Visitor: 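Below is the structure I would like to discuss, written out as structure tokens.
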Amino acid sequence: MRPISLRLHERPITQVLFNREGDLLFVAAKDKLVSLWYTTNGERIGSYQCGGVVYSIDVSQDSKYLITASADAKARVWDVSSGRQLDSTDFEVSARSIEFSQGDKQILVVTDQVMGCQAKIHVFDFDKDEVRKLNKSYTLPSPQCKITQATWGPLNKTIFASCEDGAVRIYCTEKRELIKTILDHNKLVTRIEWTKHRIMFMTCSKDGTAKLYDTKTLKLLRTFDTGRPINAAGISPLKPHVILGGGQSAESVTTTKVDASQFKVRFFHIVYGEELGGLIGHIGPVHSICFTPDGKTFATGGEEGLVQVNHLDESYFEFDDDLVYNPPVQH
Amino acid sequence: MTIFDSDEEELVTTLSDFEPPVQIDTSFNKFIVVDNIPVAPEAKHEKLKSILVKIYQNRPGAEVVGIHLALDAQRNTKGFAFIEYSKKESAIDAATSLNNYPLDKSHTLKVNLLDDFSKFANFEETYKPPTREDFKPKPNYNQWLSDPKALKGYDQFVTRYGDYTDICWNEMHVGKPMVEKSSVSLTSSYVQWSNTGSYLVTFHPDGIALYGGKDWIQVNLFEHRGVQLVDFSPEDKYLITFAPIASDNPNSPKSIVVWDVRSGKKLRSFLAPPKEQFTWPAFQWSAKDKYIARIEQLEKGINIYETPSMNLLDDKIFEVKGIKDFSWSPTDLSLAYFVPANDPLPAKICLVEMPSKKLLAEKSIWGATDARFHWQNEGAYLCVKTDKVATGKTKKEKIPTTSFELFRTHEPNVPIESFEIQYAIKAFSWEPRGKRICIIHGEFKMNMFVSFFEVQKTSVKLISKLENRKLNTIFWSPRGTLVLLANLGDTGELEFYNTQDCESYGTQEHLQCTGVDWNPSGRYVTTFVSHWKVQTDTGFNIWSFNGDLVYSVLKDRFFQFNWRPRPKFMLTNKEINQIKQNIKKYQEKFDKQDEDDNKAIQHIEQTRLDNLMKEFLSFLQKGEQEYQALEPTRKQLGSYEDIDPNDIYESIETIEELIDIKTIVLKKIN
């Protein structure tokens with residue numbers, strides 16, 4: 001397996017994202033640029049110039065609209081094919097996270113916790129047929145600490161927020177209030193990642209662990225311990241595997257003692273919790289990992305600005321049995 | 001009449017406001033009864049009273065407020081009196097301190113508390129013999145040595161990370177620690193093993209606790225507020241604790257306390273020296289848990305205390321004027337001390353037998369100012385490194401050398417010889433149970449020498465020398481022969497060396513390694529990075545003796561890794577050799593056992609994995625079922641997560657291929 005290296009961005013990658021079909025790869029970075037690539041061969045299609053560091057992106061399920069959250073306190077809507085900006089909304093502080101709801105009728109935006117401003121989750125109505133596409137709907141109460149990411153729960157009934165204090169907070173979108181708090185991590189939670197169909201979710205933390213939960217019961221199923229901060233996870237929809245990436249941030253590692261093997265992405269068995277192997281390639285902490293929905297390709301983005309697209313070998317698919325989502329029919 | 005009634009009511013109210021009811025003190029806890037006072041006529045009563053008051057007021061803070069002599073019909077004293085103090089503490093003090101006061105030759109005064117009389121008056125008339133308690137045997141603190149795991153050669157270790165303390169077995173084929181006991185907040189600072197591995201010490205604000213036995217029960221508590229350090233005697237009968245106390249009271253010191261481990265009894269406490277002179281351990285233990293000793297603060301000699309009485313040996317100091325340092329033999333009751341040079345006298349190293357104080361050996365050295373004692377762990381050899389004042393005559397170009405004096409303590413008349421090493425010494429270490437010495441020396445950190453010496457019949461021979469090394473510490477295997485050389489606190493280079501064949505097994509690296517700990521069997525060695533010194537990539541690696549990495553563990557906020565020590569080896573050399581000769585017979589037996597155990601372990605593990613998969617799939621399939629059932633709701637939302645087969649995207653690439661080229665010549669017809 002030879003990874004495709006995408007070298008365009010000069011500053012850390014913040015997010016890599018595949019569209020629903022998996023043929024397009026979107027990359028957001030701190031150089032104010034979002035780039036678009038073909039997955040199969042790594043050809044670049046184009047880019048979207050934002051006014052500030054891009055923290056988060058999402059794409060509609062029909063791949064027509066791209067939304068971005070950036071440090072210039074704006075959330076923007078783009079036309080994917082032409083690269084034109086269609087709409088934007090201004091905030092008082094950086095926009096940290098952004099996501100389409102299921103069905104693309106709403107958008108959530110997280111704004112940062114900075115000095116006088118409290119972190120908030122804003123929900124907008126998204127109407128693709130109108131000129132003014134973003135309209136304010138409501139705001140959820142603030143958790144009084146920085147929110148690293150927010151994501152829609154199944155059927156848009158809940159919103160999950162990963163927080164700086166180690167908590168994962170779950171809000172009800174109907175009552176618009178906090179209904180649950182998970183306090184299993186003791187350091188900042190960096191990422192929430194869903195399995196296929198949102199049956200389970202995984203939380204990643206700076207405390208060196210990732211935890212897998214059942215979405216319905218919120219039962220903790222497994223803990224994956226890497227001993228180093230974890231920034232990102234990718235959960236295979238096909239195999240019982242999960243990929244974890246992270247590593248010490250640059251400021252806490254002295255230059256003379258850097259050890260590149262800590263920046264490898266590591267494969268764990270999602271059921272047994274054991275490490276299966278790893279892939280090296282990055283020379284800085286890994287910030288984002290994403291699988292294609294068919295589970296045959298994944299991409300990683302790192303602190304050094306490098307994106308790697310990995311098309312998995314046939315030997316990988318022979319290694320383990322597929323996940324069985326439907327029980328065998330009994331006669 | 002009406003006016004009068006009203007006035008009367010007011011008066012009653014006023015009276016109750018101003019005069020609360022008087023509370024009468026009915027206890028007699030301020031009273032003492034004095035017995036055996038002389039019988040005296042009335043004419044001498046006042047004199048007798050003044051004498052008694054004088055006697056019983058002669059205590060700090062005591063004030064006699066009343067005295068009453070008991071009299072008979074003729075107004076003579078009956079021989080006892082009642083004395084009242086202003087506070088009960090004085091009465092208690094008098095009962096303890098002024099009892100048996102000799103008034104004169106024929107009268108010894110007796111004092112009791114008056115309250116005690118009612119206690120004695122209520123005593124049971126019938127004698128009841130005390131109940132014999134059933135004997136409760138103490139658990140066997142060496143039980144772990146007969147655990148099936150230990151009999152197969154596994155050892156235990158303790159790790160601490162975050163708030164967790166884990167006690168684990170090292171089943172190496174598993175590839176990870178097997179946790180026997182995991183605790184949260186077991187200790188407030190760190191944990192420590194005793195010398196024989198029987199006890200695990202935990203630290204708390206009010207003292208230390210000892211854990212041991214089969215289920216890690218709490219063996220004992222030792223109350224010592226602010227305790228920071230613990231030192232066990234070699235055989236774990238006693239322990240010494242230290243807590244830093246500002247302005248400790250010399251009359252009842254609290255800094256250093258000596259305890260009996262089994263009973264938990266405090267034996268004695270000592271003052272700690274000033275902070276700049278403090279070293280740990282504060283006292284040095286002799287072999288066999290017999291003595292503790294430390295240098296007297298004014299350097300007049302050594303204070304040697306006997307166990308368990310904690311009395312000074314022969315009730316006096318072991319006088320050695322100007323003493324600088326001393327060290328006990330690890331196996332014999334002998335002691336080596338050093339007196340630095342004091343013009344015009346040379347320095348002196350002496351070996352003395354205790355308790356007889358017989359001089360076994362003595363060596364004079366001109367110009368030595370300091371010394372460091374290195375005992376071989378069986379007490380067979382003592383190597384003393386001496387420092388000398390550089391004289392003005394020494395040429396600056398000359399390579400500096402370090403001198404050693406070797407005492408062959410187990411040979412007749414203790415022969416002494418000298419040898420020298422070039423350059424300053426960075427590390428020195430004896431081979432356990434052996435005759436080899438390893439020394440790291442050199443001028444530059446990046447270019448050190450490692451020299452191995454062997455003590456032979458009449459000389460100390462250099463057997464190997466390694467050059468151009470970045471190493472600073474030596475860790476011998478507990479069984480000897482093998483040694484791990486490390487670069488601690490820096491880049492973490494490791495070199496595994498075999499002194500039998502004088503060859504290096506290989507070099508490894510554990511980045512930023514802060515500590516090394518050998519397994520007691522000598523088959524494995526652990527390197528670890530502690531969060532106390534390094535904040536990133538903390539954890540530990542376990543290596544085999546020849547440098548193969550067995551497994552590696554990364555833990556956030558990792559603090560400690562310590563192998564559990566084993567008690568002193570009990571087999572004689574003859575028995576050991578017998579086992580070596582019959583090793584094949586034993587090996588077959590253990591191989592069979594291992595095979596059976598591995599099958600059982602594999603079966604258990606496979607069952608565990610199958611159960612995990614079953615549980616996971618039940619969650620997954622139940623979730624998928626619900627997901628499928630909610631199809632109409634998602635359609636209503638306009639959510640289409642899965643790819644519709646009809647919408648599958650296909651890229652079509654047209655390929656034009658040149659198949660053939662034909663040339664046809666057309667002829668013109670005229």
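Reminder, nothing fancy here: chain letters follow the sequence lines and each chain counts from 1. Just so we're clear, the structure is a prediction, and the values are computed from it rather than from any experiment.
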Visitor: Against chain A, label B:L617 side chain, backbone, both or neither, depending on which of its atoms sit under 4.5 Å from a heavy atom there.
Guide: side chain
Visitor: Would you find a donor on one side and an acceptor on the other, under 3.5 Å apart, between the side chain of A:Q102 and the backbone of B:R634?
Guide: no
Visitor: Do A:T226 and B:L554 come close enough that some side-chain heavy atom pair is under 4.5 Å?
Guide: no
Visitor: Could you report the tightest heavy-atom contact between B:Q621 and A:Y325, atom names first, then the distance?
Guide: CG-O, 3.3 Å
Visitor: Are any of the side-chain heavy atoms of A:L212 and B:F616 separated by less than 4.5 Å?
Guide: yes
Visitor: Can you name the nearest heavy-atom pair linking A:G103 to B:S639, along with the distance?
Guide: N-CB, 3.6 Å
Visitor: Side chain from CB out, backbone as N, CA, C, O: work out which of these in A:D104 comes under 4.5 Å of a heavy atom of chain B, or both, or neither.
Guide: neither
Visitor: For B:K555, is there an ion pair with A:D225 - N to carboxylate O distance below 4.0 angstrom?
Guide: yes
Visitor: Starting at CD of B:E615, measure out to CZ of A:R222 and round the result to the nearest 0.5 Å.
Guide: 6.5 Å
Visitor: Determine whether more than 12 heavy atoms belonging to other residues, nucleotides or ligands lie under 6.0 Å from atom CG of A:D321.
Guide: no
Visitor: How many angstroms lie between CD1 in A:I199 and CD in B:E626, if you round to the nearest 0.5 Å?
Guide: 9.0 Å
Visitor: Counting heavy atoms not belonging to B:Y164, are there more than 12 under 6.0 Å from its OH?
Guide: no
Visitor: Which bit of A:T195 is near chain B, if near means a heavy-atom gap under 4.5 Å: side chain, backbone, both or neither?
Guide: neither
Visitor: What's the separation between atom CG in B:L637 and atom NZ in A:K105, rounded to the nearest 0.5 Å?
Guide: 6.5 Å
Visitor: Would you say A:P327 and B:Q625 make side-chain contact, with heavy atoms under 4.5 Å?
Guide: yes
Visitor: For A:L221, which atoms come within 4.5 Å of any heavy atom of chain B: side chain, backbone, both, or neither?
Guide: side chain
Visitor: Is chain A contacted by the side chain of B:E605, its backbone, both, or neither, given a heavy-atom distance below 4.5 Å?
Guide: side chain
Visitor: Within a radius of less than 6.0 Å around CD of A:E174, do more than 12 heavy atoms belonging to other residues, nucleotides or ligands occur?
Guide: no
Visitor: A:K216 side chain to B:G623 main-chain N or O, any donor-acceptor pair under 3.5 Å?
Guide: no
Visitor: As an exercise, state the distance from OG1 of B:T633 to NZ of A:K157, rounded to the nearest 0.5 Å.
Guide: 7.0 Å
Visitor: Side chains of B:F619 and A:K219: closer than 4.5 Å at any heavy-atom pair?
Guide: yes
Visitor: If you measure from OH on A:Y272 to CE on B:M613, what distance do you get to the nearest 0.5 Å?
Guide: 4.0 Å
Visitor: Going from CG on B:L620 to CG on A:D214, what distance comes out if it is rounded to the nearest 0.5 angstrom?
Guide: 9.5 Å
